[in-house]
Novice: 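There's a structure below that I have some questions on.
Indexing begins at 1, ligand by ligand and atom by atom, following the structure's order. In this text the structure is predicted, and so the values were computed from the model without any measurement.
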Amino acid sequence: MFDAHPQFLSAEGYTAMNIHEYQAKELMLKYGVATPPGAVAGTAEEAEAVAKSLNTTDLVIKAQIHAGGRGKGTFTNGFKGGVHLCKTAAEAKDLASKMIGQTLVTIQTGEAGKLVSKVLVGQSKEIARELYFAIVLDREAQAPVIIASTRGGMNIEDVAHETPELLLHMRVDPALGLQPYEARKLAEYLDLKGDLLKPACAIFHALYKCFIATDCSLVEINPLVVTKQNEVMALDAKFNFDDNAMFRHPDIMAYRDITEEDPREVEASKFGLSYIGLDGNIACLVNGAGLAMGTMDIIQYAGGRPANFLDVGGGANEQQVTEAFKILVSDKNVKAILVNIFGGIMKCDTIAQGIINAVKAVSLPVPLVVRLEGTNVAAGKKLLQESNLPIIAADDLADAAKKVVAAALGNK
Ligand code: GDP
Ligand code: MN
């Protein structure tokens with residue numbers, strides 16, 4: 001998603017599940033969104049076979065990564081472009097062999113780029129016009145908002161920055177859904193008239209239905225095209241889903257590609273830990289999301305930078321605490337750890353015992369600062385003291401932050 005709407009970026013940045021274009025196209029077909037035929041391939045030979053089966057001389061080969069900007073991307077081996085047109089199955093095979101197993105860098109991947117393990121081999125369409133169509137869940141509008149533009153294609157980011165007036169924003173009443181007159185208004189705005197009006201409205205309704213039914217936070221079709229054969233079709237698709245709703249969509253969960261995700265976050269999710277990786281050097285383990293945010297803030301305030309957000313929850317057991325420690329110490333950037341626990345429902349002595357056992361199981365390579373407060377705090381502190389582990393005890397949150405920042409500095 002381009003950043004015309006900053007509030008979506010923050011909504012999106014927060015653990016939204018992503019899928020590949022070929023999966024998005026499978027999903028769109030289920031909901032009746034017109035998109036060209038194609039299939040995914042994991043090897044050059046498979047790409048050749050798919051190309052043959054499509055029985056056409058208009059082919060497109062597209063690198064499948066969880067990032068856009070592929071058309072203008074460059075592989076680290078120098079090969080240019082993650083989207084290529086070709087005529088024959090032999091060419092499809094050759095192009096696939098140049099992309100699969102290579103790393104593609106685009107404006108959305110960061111410098112490290114992303115490894116391409118699969119390509120989508122599709123029927124290519126001759127494009128007459130490239131449009132932009134997206135549906136996002138807008139927190140401010142408290143509703144889905146449709147964004148449309150006649151300036152779709154690879155320069156939409158520039159359009160959003162330089163000429164935002166060329167983007168139409170339409171709030172959809174969530175109780176009513178997308179109304180037929182609204183779909184017609186969108187079609188008119190996008191200059192989809194005559195024979196194109198009906199198929200355009202059908203696509204808008206199908207996309208809206210798909211967005212709601214699958215708990216999306218973002219559907220972005222760029223480009224939505226008018227072909228030279230006068231069809232309206234989705235040529236590219238980016239879908240984000242609300243993580244918290246995925247329990248009711250096992251079919252979409254099956255689309256998850258963990259090789260595209262932060263390995264620390266993948267590991268944490270196995271143990272029911274709410275973990276978000278960051279790039280600082282002070283790891284923190286906290287119970288409660290609000291306290292975890294406060295802990296990150298105070299680390300920053302004390303001159304340090306947090307390596308993660310981690311909420312072990314109110315009812316964390318010893319195994320979860322141990323697994324949490326393993327994830328924290330596996331991060332090579334981490335120079336010190338801060339444990340900040342408020343014993344409310346859980347008692348401090350139980351937590352202290354969990355920390356002691358976890359530390360023994362993990363053998364800590366970095367200093368550990370612990371701040372405990374709440375029920376049975378005296379018993380908890382005594383346990384930590386008597387454990388003879390190199391734990392730095394802190395009296396309160398500010399003290400803990402100061403101590404952990406100093407410990408990280410001393411551990412360079
Ligand atoms: P992105 O760069 O990652 O957003 O990848 P897209 O799928 O949007 O492809 C980039 C560009 O390649 C599009 O804007 C189109 O101009 C072009 N493109 C993609 N698919 C096709 C196709 O099937 N036929 C033709 N002619 N061009 C295509
Ligand atoms: Mn695109």
Novice: Protein heavy-atom contact under 4.0 Å for atom 17 (C) of ligand 1?
Specialist: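 Protein heavy atom within 4.0 Å of atom 17 (C) of ligand 1: absent.
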Novice: By number and element, which atoms of ligand 1 are closer than 4.0 Å to a non-hydrogen atom of G69?
Specialist: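 In order of numbering, the contacting atoms are 1 (P), 2 (O), 3 (O), 4 (O).
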Novice: Any nitrogen or oxygen of L235, main chain or side chain, under 3.5 Å from a nitrogen or oxygen of ligand 1?
Specialist: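 No, there is no polar N/O contact under 3.5 Å.
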Novice: Provide, to 0.1 Å, the distance between atom 1 (P) of ligand 1 and the closest protein heavy atom, together with that atom's residue and name.
Specialist: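 Ranking protein heavy atoms by distance from atom 1 (P) of ligand 1, first comes R70 N, 3.5 Å.
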Novice: Which atoms from ligand 1 have a heavy atom of S124 less than 4.0 Å away?
Specialist: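 Close to S124: 22 (C), 23 (O), 24 (N), 25 (C), 26 (N).
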Novice: Please confirm whether G153 comes within less than 3.5 Å of ligand 1 when only nitrogen or oxygen atoms on both sides are compared.
Specialist: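 Looking only at distances, the answer is no, because the N/O contact criterion of under 3.5 Å is not met.
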Novice: Go through the steps for C210 and L27 under the test side chain to side chain contact (heavy atoms under 4.5 Å, CB included), then give the verdict.
Specialist: CA-CA 8 Å; C210 180; L27 202 57; 4.3 Å; yes
Novice: Could you identify the single nearest non-hydrogen protein atom to atom 27 (N) of ligand 1 and state the distance to 0.1 Å?
Specialist: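 For this ligand atom, the closest protein heavy atom is I127 CD1, 3.4 Å.
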Novice: Does Q179, at its CD atom, have more than 12 non-hydrogen atoms belonging to other residues, nucleotides or ligands within less than 6.0 Å?
Specialist: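 More than 12 within 6.0 Å, yes.
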Novice: Thinking salt bridges, do E21 and K25 make one under a 4.0 Å N-O criterion?
Specialist: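 Between K25 and E21 there is a salt bridge, with a charged N closer than 4.0 Å to a carboxylate O.
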Novice: Taking 4.0 angstrom as the limit and counting only heavy atoms of G68, give me the atoms of ligand 1 inside it, by number and element.
Specialist: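 The list of qualifying atoms is 3 (O).
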Novice: Please indicate whether L166 has more than 12 foreign heavy atoms, meaning atoms of other residues, nucleotides or ligands, lying under 6.0 Å from its CG.
Specialist: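 Yes, enclosed.
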Novice: Do the side chains of V232 and F133 get nearer than 4.5 Å, heavy atoms only?
Specialist: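 They are not in contact (no side-chain heavy atoms under 4.5 Å apart), so the answer is no.
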Novice: Under 6.0 Å from the CD atom of Q142, do we count more than 12 heavy atoms belonging to anything else shown?
Specialist: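 No.
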Novice: Going by heavy atoms, is E126 under 4.0 Å from ligand 1?
Specialist: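 So E126 does not count as touching ligand 1.
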Novice: Salt-bridge test for E323 and K326: reply yes if a basic N is under 4.0 Å from a carboxylate O, no otherwise.
Specialist: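 Between K326 and E323 there is a salt bridge, with a charged N closer than 4.0 Å to a carboxylate O.
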Novice: Return the residue, atom name and 0.1 Å-rounded distance of the protein heavy atom closest to atom 9 (O) of ligand 1.
Specialist: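 I find the closest protein heavy atom is V83 CG2, 3.7 Å.
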Novice: Report the nearest protein non-hydrogen atom to atom 15 (C) of ligand 1: residue, atom name, distance rounded to 0.1 Å.
Specialist: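 Sorting protein heavy atoms by distance from atom 15 (C) of ligand 1 puts E130 OE1, 3.6 Å first.
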Novice: Heavy-atom contacts under 4.0 Å between K125 and ligand 1: side chain, backbone, both, or neither?
Specialist: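 The answer is the backbone.
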Novice: Classify the side-chain pair H66/D257 by whether it contains a donor and acceptor separated by less than 3.5 Å.
Specialist: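 Short answer, no.
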Novice: Show the atoms of ligand 1 that are less than 4.0 angstrom away from any heavy atom in M154.
Specialist: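 Every atom of ligand 1 under 4.0 Å from some heavy atom of M154: 10 (C), 11 (C), 14 (O).
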Novice: Is any side-chain N of the basic residue among R264 and E267 closer than 4.0 Å to the acidic one's carboxylate O?
Specialist: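 Salt bridge flag = no for E267 with R264.
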Novice: Answer yes or no for N222: is there an N/O/S atom below the 2.8 Å cut-off from the Mn ion (ligand 2)?
Specialist: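 So N222 does bind the Mn ion (ligand 2) by this criterion.
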Novice: Count the heavy atoms belonging to other residues, nucleotides or ligands that lie under 6.0 Å from NZ of K118, then report whether that count exceeds 12.
Specialist: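 No - once you tally the heavy atoms of other residues, nucleotides and ligands closer than 6.0 Å, there are 12 at most.
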Novice: For atom 7 (O) of ligand 1, grab the closest protein heavy atom and report residue, atom and distance to one decimal in Å.
Specialist: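 Here the closest protein heavy atom is K62 NZ, 2.5 Å.
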Novice: Is any N or O atom of K72, backbone or side chain, closer than 3.5 Å to an N or O atom of ligand 1?
Specialist: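 No; the residue has no nitrogen or oxygen that sits under 3.5 Å from a nitrogen or oxygen of the ligand.
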Novice: List every atom of ligand 1 that sits less than 4.0 Å from any heavy atom of N222, numbering the atoms from 1 in the order shown and giving each element.
Specialist: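 Listed by number with element: 8 (O).
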Novice: Go through the steps for K238 and D236 under the test salt bridge (charged side-chain N to carboxylate O under 4.0 Å, His left out), then give the verdict.
Specialist: CA-CA 7 Å; K238 176 184 166 108; D236 187 15; over 6 Å; no
Novice: Got more than 12 heavy atoms from elsewhere within 6.0 Å of NZ, K347?
Specialist: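 Count not over threshold, so no.
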Novice: Just need the protein heavy atom nearest to atom 2 (O) of ligand 1, so name the residue and atom and give the distance.
Specialist: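 Minimum-distance protein heavy atom for atom 2 (O) of ligand 1 reads G71 N, 2.8 Å.
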Novice: Checking a contact table here: which protein heavy atom is nearest atom 6 (P) of ligand 1, and how many Å away?
Specialist: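 Closest protein heavy atom to atom 6 (P) of ligand 1: D236 OD2, 3.4 Å.
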Novice: Measure from the Mn ion (ligand 2) to each N, O or S atom of D236 and report whether any distance is below 2.8 Å.
Specialist: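 Checking D236: at least one N, O or S atom is under 2.8 Å.
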